[in-house]
Undergrad: 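Have a look at this one before I ask anything.
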Amino acid sequence: MTERHLDYFFTTTETAKEEQRESSCSPESAPQASGRVVFRSAAPKDLPPSYFVSATYSGEKGSACIKLYEPESERIYLWYDTTGHKPYCLTNLSPSELKKIGRLTAHPGLVDFESVEKYDPLLDRKVILTKVVAEDPLSIGGRPGGCIRDIIPEEYPKIAGAEQEAKVWEATIRYYQSYIYDRDLAPGMIYKIENNKLVRVRHEPSERMVKEICGLFQGEPEEYLQHIEGWARLLEYPAPKFRRVALDIEVSTPIPTRVPDPREAAYQIICASLLGSDGKKRILLLKRERVEEGAEKLPTDVSVEYFDSEEKLILAIFEALWEYPFVITFNGDDFDLRYLWHRAQNLGIRRDRVPIELGRRVCLLKNGVHIDLYKFFFNRSIQIYAFGRKYRDMTLGDVGKALLGLTKLELVKSISELTCTQLARYCMRDAEITLKLTTFDNDLVMKLILALTRISRMPMEDVSRQGVSRWIRNFLHYEHRRQNTLIPNAEDILALKGATVTKAIIKGKKYKGAIVVEPVPGVHFNVKVMDFASLYPSIIKVHNLGYQSIRCPHNECRDNKVPETPHWICKKRKALESLLIGALRDLRVRWYKPKSQDNSLPRGLRSWYKVIQSALKVILNASYGVFGAETFDLYCPPVAEATAAIGRQAITQTVSKAQRLEIEVIYGDTDSIFLKNPSQDQIDVLSNWSEKELGMQLDVDKVYRYSVFSSRKKNYLGVFPDGNVEVKGLTGKKRHIPIFIKKAFEQMEERLSQVKSPSEFEEAKREIRKIIRNRYLKLKRREWGESPDELAFNIVLGKIPKHYNKTTPQHVKAAMELEKRGHELKAGDLISFVKVVKEPHVKPIQLASNSEIDVEKYVGYLHSTFDQILDALGLDFNEIIGLTKLERFM
DNA sequence: GCGGACTGCTTACCT
DNA sequence: ACAGGTAAGCAGTCCGCG
């Protein structure tokens with residue numbers, strides 16, 4: 001054990017060396033930290049090729065600031081704009097009209113008016129606008145009490161009367177994004193600094209790949225090829241090694257059930273773990289009197305450092321946060337970094353020694369990049385499409401268990417009562433899970449964030465915190481600026497393109513969505529599932545969908561109708577969305593997906609292609625939905641509606657075509673059709689027909705040895721030729737169902753996986769009856785173990801209990817029971833409860849005992865869970881458990 | 001005062 | 001803060017019932 005009992009762990013020989021290397025660069029501020037200098041690394045006049053990882057606005061310098069990660073020294077350097085680029089917004093008023101607005105000309109932040117020509121995508125013509133340039137972003141918008149974007153529309157009508165409307169555009173774009181767009185910068189890509197100038201660096205090997213990729217798309221229009229090339233260039237470039245540290249802190253609190261408020265930071269920080277990707281493992285512990293050393297051992301490669309004051313401990317953490325280029329936390333925005341910031345404040349640590357930049361909802365680093373994994377894994381698109389729903393709970397424990405198989409250490413006592421060693425182990429494990437969440441699968445998460453950074457043209461910090469609609473918005477905004485197209489205001493799009501016309505099946509929805517084909521109940525052998533590769537993105541591409549092309553201003557386009565709607569689509573001009581999303585789709589389908597499965601490629605390259613194809617999947621899956629989302633800046637409901645309508649037409653026509661070919665269609669959902677025992681010939685005919693008639697790729701996606709359907713939609717079970725079982729939508733697989741019931745369901749799956757032919761079914765059915773009967777008898781005999789744990793239902797609290805005003809569902813009843821006992825509950829918490837005989841018929845698992853369980857309720861659940869399969873097998877639950885017809889009636 | 005039919009709310013899932 | 005469609009269970013309401 002390399003424990004070092006030091007009064008103040010200060011610096012190692014390694015960090016001393018680092019400092020010397022650093023002394024060549026000029027310190028932006030050089031605060032004294034206990035006699036040593038802490039640097040913010042301003043970039044030197046010349047910097048070797050480095051990754052553009054982040055951008056921000058520096059109030060101090062009054063300019064854009066770029067964070068560059070230099071992969072040789074593994075350090076971050078800050079570069080400040082030298083081009084004189086300034087914030088601005090656009091308006092329809094001319095400079096002379098603007099000059100009449102006294103409040104505007106008197107605005108201290110106003111710099112200049114400049115006439116510019118832009119293409120207006122809603123009117124499909126050029127317009128002359130005025131660029132209103134300001135000294136700083138807050139003068140354009142954001143400062144309360146009079147900023148340029150508010151003054152213009154407020155003041156002009158007072159002067160000119162109401163005839164001419166004063167409008168502003170592009171006034172809510174974050175300044176650093178505007179800077180990125182205007183300078184055509186590519187976050188995530190390589191730049192060098194030459195004589196204080198930021199210069200893009202090309203990479204020959206990836207340029208060669210770009211050529212090869214473009215070759216795949218020969219014959220496509222130039223306009224489209226240009227996008228293929230642009231995307232390919234971004235996506236082919238390799239990723240660097242990210243030197244990073246995972247941080248986790250522990251706070252001593254008198255109330256163990258409550259998380260300390262980081263804004264108050266009222267309690268001591270007693271422990272921190274710093275786990276570096278460079279192999280450094282450090283535990284920083286505060287010396288406390290009461291807590292004796294425990295008997296447990298720590299791994300020998302961990303260095304344990306004791307501090308005699310909390311201030312010194314915090315300063316040691318800060319050293320690391322200044323020094324590492326990337327800092328990884330789990331919920332650091334809302335807890336660890338925020339707590340550290342306020343705690344430092346409370347202890348009177350000087351601001352310039354604090355490496356943390358405190359925001360309202362985020363905590364960033366002055367000299368590094370902070371990735372809060374909680375925000376990243378919480379992202380639903382990431383959870384579902386990148387990680388295939390492997391984790392369900394957004395906690396460090398659950399994500400770690402699901403993705404790494406690494407569980408949190410269990411707390412036997414409250415944090416403040418643990419011995420130093422227990423505390424150290426606990427804290428270290430959390431940091432270990434946090435770090436490993438970014439290292440597993442060959443640094444998958446870091447690479448995924450990098451890929452998304454490139455696609456979205458956003459800083460790594462933003463891309464890891466924001467949702468898919470922001471990613472999509474930003475690359476569309478970039479493209480608008482690149483093509484000198486005015487970015488329209490959301491209300492103008494909505495006013496011009498109007499609302500939706502189709503009627504949704506679900507009450508409260510805006511328009512009609514996809515079709516689900518009625519399943520044919522029963523067991524079907526040799527089922528082939530065909531589906532459209534990225535149906536909605538394909539439609540957006542093939543049918544030229546976008547806010548500017550739907551209901552375009554041209555009369556001659558009005559005959560290009562969308563089925564089931566009065567909408568029409570432009571025939572004259574390609575929509576940006578159609579080109580960009582179309583190119584991304586084609587790249588994924590024709591290059592990245594196949595390459596990610598190509599075993600002849602070197603492992604490293606294949607793993608990069610896997611990352612790219614999964615980043616593309618995440619974006620493409622949301623690319624239709626965003627147009628129907630009010631919160632999306634280019635919200636255009638008719639686009640979403642048209643996409644869905646064309647999708648319905650595609651699947652409907654495909655089903656009819658299959659039937660004309662005399663193939664039995666067993667089922668279908670949105671973009672897929674399940675075909676019973678089709679010949680290869682029939683499949684080829686169908687596929688060719690789709691290509692020709694619909695312009696869309698329809699391929700065999702999977703084959704089942706057999707599949708089992710009840711009459712319920714979105715509910716089936718399929719067995720693959722290798723015996724693997726796929727279960728979709730069935731209750732037995734849902735996460736809220738008790739383990740006790742799941743176990744029986746899994747036994748049944750296991751048995752079904754062995755069935756190879758119709759003749760083997762009879763035997764399997766007999767055994768399935770046995771499985772069910774056994775479970776039933778176990779319930780009746782109350783044989784479920786020492787505690788009722790396996791009988792617990794697990795349901796997520798959608799909101800805090802007191803917000804349930806309309807009804808009080810069972811899990812909320814259980815939750816309120818817990819609250820009465822001092823538990824603090826919030827939205828997203830998982831409530832575990834069992835069904836009991838006495839009112840209110842539920843009890844939190846923590847309080848429940850075996851004797852009070854309501855067995856009949858569980859029999860009911862067993863019944864309904866198995867009915868979904870038994871229907872199809874021609875079995876009957878009541879008959880299986882041995883109830884006579886009479887008993888059933890009673 | 002009670003139970004069945006109904007609607008609405010809530011969660012988890014599918015594409 | 002991507003969309004709509006489906007299943008299931010339960011809460012709450014209405015209505016009829018001498």
Side-chain angles (χ1 to χ4, degrees), chain A residues 375 378-382 384-385 388-389 392 465-473 500 502-519 529 531-532 534-537 581 617-637 639-645 647-648 651 667-674 701 710-716 726-737 793-799 803-813 827-828 830-831 835 840-842 857 860-861 863-865 867-868:
Chain A
K375 293 249 170 79
F378 191 84
N379 185 319
R380 264 188 74 78
S381 299
I382 292 293
I384 295 170
Y385 301 117
R389 275 207 179 83
R392 319 277 192 130
R465 285 171 174 78
Q466 299 181 346
V468 62
S469 72
R470 293 295 179 83
W471 308 340
I472 293 173
R473 173 193 76 180
T500 47
T502 52
K503 194 174 174 305
I505 290 173
I506 308 170
K507 226 191 239 174
K509 298 289 185 188
K510 294 185 284 269
Y511 59 90
K512 198 176 169 99
I515 283 180
V516 187
V517 180
E518 204 69 53
V529 183
D531 74 356
F532 294 102
S534 302
L535 175 70
Y536 290 150
I581 293 165
K617 179 176 172 185
V618 172
I619 299 231
L620 290 169
N621 270 316
S623 63
Y624 133 82
V626 291
F627 292 107
E630 276 151 274
T631 49
F632 183 57
D633 287 62
L634 301 170
Y635 173 54
C636 189
V639 170
E641 182 178 41
T643 312
R648 288 195 298 276
I651 185 113
Y667 180 61
D669 187 348
T670 313
D671 61 354
S672 64
I673 50 168
F674 290 55
D701 176 45
S710 69
S711 55
R712 299 161 185 84
K713 293 171 173 180
K714 298 183 190 281
N715 263 269
Y716 61 90
E726 182 171 60
V727 177
K728 294 286 185 182
L730 300 180
T731 306
K733 261 289 149 71
K734 292 195 178 180
R735 76 150 156 178
H736 69 272
I737 226 69
F793 288 84
N794 304 285
I795 297 183
V796 170
L797 219 42
K799 45 196 173 188
H803 286 177
Y804 287 84
N805 302 320
K806 289 167 179 139
T807 56
T808 313
Q810 295 201 323
H811 67 295
V812 178
K813 286 185 179 140
L830 193 68
I831 306 297
K835 306 234 175 193
H841 305 299
V842 290
K857 276 277 177 227
Y861 263 91
H863 186 165
S864 58
T865 302
D867 257 2
Q868 296 176 337

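Because only heavy atoms are used, hydrogens play no part in the values below, and waters and symmetry mates are left out as well, while side chains stay in. Treat the numbers as computed from the prediction; the structure is a model and nothing was measured. Naming convention: chains lettered A, B, ... in sequence-line order (proteins, then strands); numbering from 1 in each chain.
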Undergrad: Pick base, sugar-phosphate or nothing for A/Arg380, based on heavy-atom distances below 4.0 Å to the nucleic acid.
TA: nothing

Undergrad: Looking only at side-chain N and O atoms, does A/Tyr804 come under 4.0 Å of OP1 or OP2 in B/dT11?
TA: yes

Undergrad: Could you say whether A/Phe378 or A/Asp669 is positioned toward the 5' end of DNA chain C, judged by the nucleotide with the nearest heavy atom to each?
TA: A/Phe378

Undergrad: Measure CG/A/Asn805 against P/B/dC9 and give the value in whole Å, please.
TA: 12 Å

Undergrad: Return the value, rounded to whole Å, for the distance between atom CD1 of A/Ile795 and atom P of B/dC13.
TA: 11 Å

Undergrad: Strictly under 3.5 Å: I want the nitrogen or oxygen pairs between protein and nucleotides 8-10 of chain C, one per line.
TA:
| residue | atom | partner | partner atom | Å |
| --- | --- | --- | --- | --- |
| C/dA8 | OP1 | A/Arg712 | NE | 2.5 |
| C/dA8 | OP1 | A/Gln868 | NE2 | 3.0 |
| C/dG9 | OP1 | A/Ser864 | OG | 2.7 |
| C/dG9 | O3' | A/Tyr861 | OH | 3.2 |
| C/dC10 | OP1 | A/Lys835 | NZ | 2.5 |

Undergrad: Where the side chain of A/Ser469 is concerned, which of C/dC2, C/dT6, B/dA12 is the nearest nucleotide?
TA: C/dC2

Undergrad: To the nearest 0.5 Å, tell me how far A/Asn379 CG sits from A/Ile384 CD1.
TA: 9.5 Å

Undergrad: Could you tell me whether A/Arg392 contacts a base, only the sugar-phosphate backbone, or nothing, with contacts defined as non-hydrogen atoms closer than 4.0 Å?
TA: sugar-phosphate

Undergrad: For the pair A/Lys510 (side chain) and A/Gly628 (backbone), establish whether a donor and an acceptor sit closer than 3.5 Å, ignoring hydrogens and angles.
TA: yes

Undergrad: Where along residues 504-514 of chain A does a heavy atom come under 4.0 Å from DNA chain C, residue by residue in number order?
TA: A/Ala504, A/Ile505, A/Ile506, A/Lys509, A/Lys510, A/Tyr511, A/Lys512, A/Gly513, A/Ala514

Undergrad: Are any of A/Thr807's side-chain N or O atoms less than 4.0 Å away from OP1 or OP2 of B/dC9?
TA: no

Undergrad: Assign the ring pair A/Tyr536 / A/Tyr624 to parallel, tilted or perpendicular, where the plane angle (0 to 90°) is split at 30° and 60°.
TA: tilted

Undergrad: Would you mind classifying the nucleic acid contact of A/Tyr716 as base, sugar-phosphate or nothing, using non-hydrogen atoms under 4.0 angstrom?
TA: sugar-phosphate

Undergrad: For A/Ile737 and C/dA7, give me the distance from atom CD1 to atom C1', rounded to whole Å.
TA: 12 Å

Undergrad: If you take all heavy atoms of A/Lys799 and A/Ala827, which pair is closest and at what distance?
TA: CA-CB, 3.7 Å

Undergrad: In whole Å, what is the span from the NZ atom of A/Lys503 to the C1' atom of C/dG4?
TA: 13 Å

Undergrad: To check you understand the geometry: which heavy-atom pair defines the closest contact between A/Ala644 and A/Gly513, and what is its length?
TA: CB-CA, 4.2 Å

Undergrad: Contact class for A/Thr631 (heavy atom, under 4.0 Å): base, sugar-phosphate, or nothing?
TA: base

Undergrad: Please enumerate all residues that pass side chain to side chain donor-acceptor pair (under 3.5 Å) together with A/Thr500, with sequence neighbours excluded.
TA: none

Undergrad: Need one value for A/Val812: base, sugar-phosphate or nothing, where a base atom within 4.0 Å counts as base even if backbone is also close, heavy atoms only.
TA: nothing

Undergrad: Between A/Arg735 (CZ) and B/dC13 (C1'), how many Å, whole number?
TA: 11 Å

Undergrad: Any side-chain N or O of A/His811 less than 4.0 Å from the OP1 or OP2 oxygen of B/dT10?
TA: no

Undergrad: With ring-ring contact (aromatic ring centres under 6.0 Å, His included) as the test, pick out the partner of A/Phe627 among A/Tyr635, A/Phe632, A/Tyr511.
TA: A/Phe632

Undergrad: Between A/Asp669 and A/Lys714, does any NZ, NE, NH1 or NH2 come within less than 4.0 Å of an OD or OE carboxylate oxygen?
TA: yes

Undergrad: Starting at CG of A/Leu797 and ending at C1' of B/dT10, how long is that distance when rounded to a whole Å?
TA: 11 Å

Undergrad: At under 4.0 Å, does any side-chain N or O of A/Lys713 touch on OP1 or OP2 of C/dT6?
TA: yes

Undergrad: Identify the two heavy atoms, one from A/Ile472 and one from A/Ser623, that lie closest to each other, and give their separation to 0.1 Å.
TA: CD1-CA, 3.9 Å

Undergrad: Does A/Asn715 reach the main-chain N or O of A/Lys713 with its side chain, forming a donor-acceptor pair under 3.5 Å?
TA: yes

Undergrad: For A/Ile831 and B/dA12, give me the distance from atom CD1 to atom P, rounded to whole Å.
TA: 11 Å

Undergrad: Tell me: NZ of A/Lys728 to P of B/dC14, nearest whole Å?
TA: 6 Å

